[in-house]
Amino acid sequence: MNAANDNRVVIFDTTLRDGEQAPGCSMTLNEKLRVAAALRDLRVDVIEAGFPAASPGDFDAVREIAQTIEGPSICGLARCNPKDIRRAWDALKDAECPRIHVFVATSEIHREHKLQMAKDEIIRTAVEGVQLARELCDDVEFSPEDASRTELEYLGEVVEAAIRAGATTVNIPDTVGYTVPGEFYELFSYLKQNVTGIDTIRLSVHCHDDLGMAVANSLAAVQAGARQIECTINGIGERAGNCSLEEVVMAIKTRENFFGVETGIDTKRLYPTSRIVSTVTGMHTPRNKAIVGDNAFAHEAGIHQHGMIQNRATYEIMRPEDVGLSRSNLVLGKHSGRHAFRQRVEQLGFQLDDVELNRCFDEFKALADRKKDMYDRDVEAIIMNADSGKAGPWTIDELHITAGTGTVAAAALLLRHTDGREVREAAEGDGPVAAAFRALEQATGIDLELTNFEVHGVTVGDDAQGEVTVTVEYNGQSFRGHALSTDIVESAAIAYLEVMNRISRRENAEALSDTAGTAATGTP
Ligand code: KIV
Ligand code: ZN
């Protein structure tokens, strides 16, 4: 392949690997599968599904995605050592198009302080890593970590050695978000001009956003010949995050006249995918976030509105519908039928099967009884939260709250278990949410330590739905739950119970497998 003559930029999504590594962004297996399906529908070229050697959970997620998601290449990350590489391959081998991504740090600071390895040892490690990965898999990517702070000539040597060893993609990471566009352009130009074999592989870019330049730096690399961009939905990732997929893709599309390249992304899926990732991770996008923020296409100033009425292009460089945002915001009411609901769901870019659609429609009807105006965001929130709090074993049958100024808040609730148990509990707390949480702990016998509590208004008005995300610690592990209701105490209780249910299900499964193990081995 001669990447220099190729005007197609490969979009490599690392939401499930680099994105998921960000504090507060960890996802359950089901959440990862949901995100992976959304990425496939968005038509990303590569999904980096995780780092299989990092934990059994990561391994399982990569394997499950490799086995079920068809279309994009499925990639797993590995350090340049045989154990990591073999583990990555075990997770990836059933994928339609597997890719192993190996990396080793190359900058002086990493060599001396992290790895305590000399330059030639690093090159040997990189070569051996790439060679082993190539024995297992035809598609191998190599990354010199902290490339942007690596001595240029030495970086060229490492990259050349990796190409000779069989790498099919070489990725240049700005691991700490240190570079600036002009400098990064020079770095890529240097590699293009000085590395033998560079035009036989795909050159890739991977930027972090510590100085707010991840998208600009990625675009500079494309101008200098990179033909793969590594990015994440909503720009989630370590520290300040990674290059935002929606921003970089829309920059390439909107300024095609300047960049002269294209991606294969179905841009109408950008907004729904962004919503899925923000709901799943609990990381909400700021209102003014480019492309997918609430205000990204809102025009407030009179002069702007006047111009827009004459000709939209006066103040709009992209059409909201091109990123999957519909213009009509006030949508359905309580008299709307299933057909109209389905149509709206599809216009919003979601594909639901009949069972999911019926479940969401029932929720929609129940909400429409309580709420005057239904907005697109309400419909999206229903779809995204359709499962929260319903997987059991516990459900809330009744929740009564007393609270007020100068009184101690109290909660009384009735919980029902799938085994038929009914438990009534009452508790007091510093506020209504604390009282509800305490009553839930008494009822389920599961004590959680709340580490984060967030409420997010889904729409506007005094009957707006409140989306609550709770993060808790249990036995040294962090869990997240979220739920939605026009009553935020109810949302908080459902979100808290969602976590308790997850813990209960896991403990039950462990108890069952222990019993099965004991029966099989005959040991106590
Ligand atoms: O930022 C980084 O250097 C990485 C590599 C593993 C590609 O994420
Ligand atoms: Zn990274």
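We're numbering straight along the sequence, starting at 1. Counting starts at 1 for both ligands and their atoms, in listed order. Note that these values count all heavy atoms, side chains included, but never hydrogens, waters or copies made by symmetry.
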Does a side chain donor of either Asp146 or Thr175 reach within less than 3.5 Å of an acceptor in the other side chain? no
Ligand 1 N/O within reach of Ser143 N/O, cut-off under 3.5 Å: no
Just to check, does Arg17 reach to within less than 4.0 Å of ligand 1 when the distance is taken from its heavy atoms? yes
Compute the shortest N/O to N/O distance between Thr175 and ligand 1 and return yes if it is under 3.5 Å, no if not. yes
Less than 6.0 angstrom from the centroid, inside 45 degrees of the normal: does Arg111 satisfy that with respect to the ring of Tyr154? yes
His101 N/O to ligand 1 N/O under 3.5 Å: no
Considering only N, O or S atoms of His206, the one closest to the Zn ion (ligand 2): NE2
Geometric class of the His101/Phe12 ring pair [parallel <30°, tilted 30-60°, perpendicular >60°]: perpendicular
Side chains of Gln131 and Arg164 only: does a donor on one sit below 3.5 Å from an acceptor on the other? no
Per-atom contacts, ligand 1 versus Glu145 - under 4.0 Å to a heavy atom: 3 (O)
Looking at atom 4 (C) of ligand 1, what's its closest protein heavy atom, distance included? His206 NE2, 3.5 Å
Between Arg124 and Glu128, does any NZ, NE, NH1 or NH2 come within less than 4.0 Å of an OD or OE carboxylate oxygen? no
Can you say whether the rings of His456 and His284 are parallel (under 30°), tilted (30 to 60°) or perpendicular (over 60°)? parallel
Hey, what's the angle at the Zn ion (ligand 2) spanning OD2 (Asp18) and NE2 (His208), nearest 10 degrees? 100°
If we ignore angles and hydrogens, is there a donor and acceptor under 3.5 Å between the side chains of Thr15 and Asp13? yes
Could you tell me, atom by atom, which parts of ligand 1 come under 4.0 Å of a heavy atom of His208? 1 (O)
Could you list the atoms of ligand 1 found under 4.0 angstrom from a heavy atom of Pro173? 2 (C), 3 (O)
